Amino acid sequence: MDIPFDVPIECPVDEGEEEAVFEGPVATDDSLAYDFTGRRILVAEDNDLNLEIAVELLSMVGAQVDGATTGLEALRAFADSEPGHYDIVLMDVQMPEMDGYEATRAIRGLDRADAKTVPILAMTANAFAEDEERSRACGMDGHLSKPLDIRLVYATIDGFLDRRG
């Protein structure tokens, strides 16, 4: 997928769905500073185009990315993986079948050590303090507000990966 530099990427959505916009440069010196080679990321995003863009942008910095289009799919992907398989989870909050809050609580409730420690970051257009508190209350470790700034996404993921070692 060829994406022009320094162009915001707007992703159209159907009525009633959450709109996402990925802003910022795709391949600049900033993004080249990140290397997620060997890291596995689970991205839960119900909008197919947004998911495709997220997978592409994370893959560009070396990450191995698995996608899920519902909270239930994200839960199953995590539960079916070997412990320690995923280094981080990016979780859209508004998804069908099971929303991101429910999926996070279910992941945290799994009987395996990594379920308690894997960083889970909310991705949502809901950017008020109470939205961030709700994300944390259900077990999420961080909150990325949409529209997503890819530089902030890279930096946030890098910070959580550095803490995990």
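Computed from a prediction, not measured in an experiment: that's the story for all the values here.
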Atom pair CE/CG of Met123 and Asn50 - distance to nearest 0.5 Å: 8.0 Å
Main-chain N/O of Asp99 paired with Glu102 side-chain donor or acceptor, under 3.5 Å: yes
Side-chain heavy-atom pair Leu51, Asp92 within 4.5 angstrom cut-off: no
Heavy-atom check, side chain of Asp158 versus side chain of Asp162, under 4.5 Å: yes
Set of salt bridge (charged side-chain N to carboxylate O under 4.0 Å, His left out) partners for Arg108, sequence neighbours left out: Asp141
Side-chain touch Thr124/His143, heavy atoms, less than 4.5 angstrom: yes
Donor-acceptor contact present, side-chain Lys116 to main-chain Ile107, <3.5 Å: no
Contacts of type side chain to side chain contact (heavy atoms under 4.5 Å, CB included), residue Ala74, not counting sequence neighbours: Leu42, Ala44, Ala68, Met91
Partner set under side chain to side chain donor-acceptor pair (under 3.5 Å) for Tyr86, not counting sequence neighbours: Asp66
Residue pair Asn47 / Leu49: nearest heavy atoms and the distance that separates them: OD1-N, 3.0 Å
Contacts of type side chain to side chain donor-acceptor pair (under 3.5 Å), residue Thr104, not counting sequence neighbours: none
Val65: side chain to side chain contact (heavy atoms under 4.5 Å, CB included) partners, not counting sequence neighbours: Val43, Val55, Leu58, Ser59, Ala63
Test item: Arg76 and Glu73 side chains (from C-beta on) under 4.5 Å apart, heavy atoms: no
Residues that Thr156 engages under side chain to side chain donor-acceptor pair (under 3.5 Å), provided they are two or more places apart: none
side-chain contact (heavy atoms from CB on, under 4.5 Å) between Met60 and Glu56, intermediate numbers included: CA-CA 6 Å; Met60 286 173 52; Glu56 180 69 21; 4.1 Å; yes
Nearest-0.5 Å distance, CG of residue Leu75 to CG of residue Asp80: 8.5 Å
Reported CG-to-CD1 distance for the pair Leu57 and Ile150, which is rounded to 0.5 angstrom: 4.5 Å
Closest contact, heavy atoms only, Leu121 versus Phe160: CD2-CE1, 3.4 Å
Counterpart residues, salt bridge (charged side-chain N to carboxylate O under 4.0 Å, His left out), relative to Asp87 (two or more places apart): Arg39
Rounded distance [0.5 Å steps], CD in Gln64 versus NE2 in His85: 7.5 Å
Test side chain to side chain contact (heavy atoms under 4.5 Å, CB included) applied to Glu97 - qualifying residues, sequence neighbours left out: Thr70, Leu72
Point-to-point distance, once rounded to the nearest 0.5 Å, from CZ of Arg134 to CE of Met140: 9.0 Å
SB check Glu82 Arg40 (cutoff 4.0 Å): no
Listed partners of Glu133 passing side chain to side chain donor-acceptor pair (under 3.5 Å), at least two apart: none
Stacked cation flag Arg151 on Tyr154, 6.0 angstrom / 45 deg: no
Partners passing side chain to side chain contact (heavy atoms under 4.5 Å, CB included) against Asp114 (at least two apart in sequence or in another chain): Phe78, Pro83, Arg112, Thr117
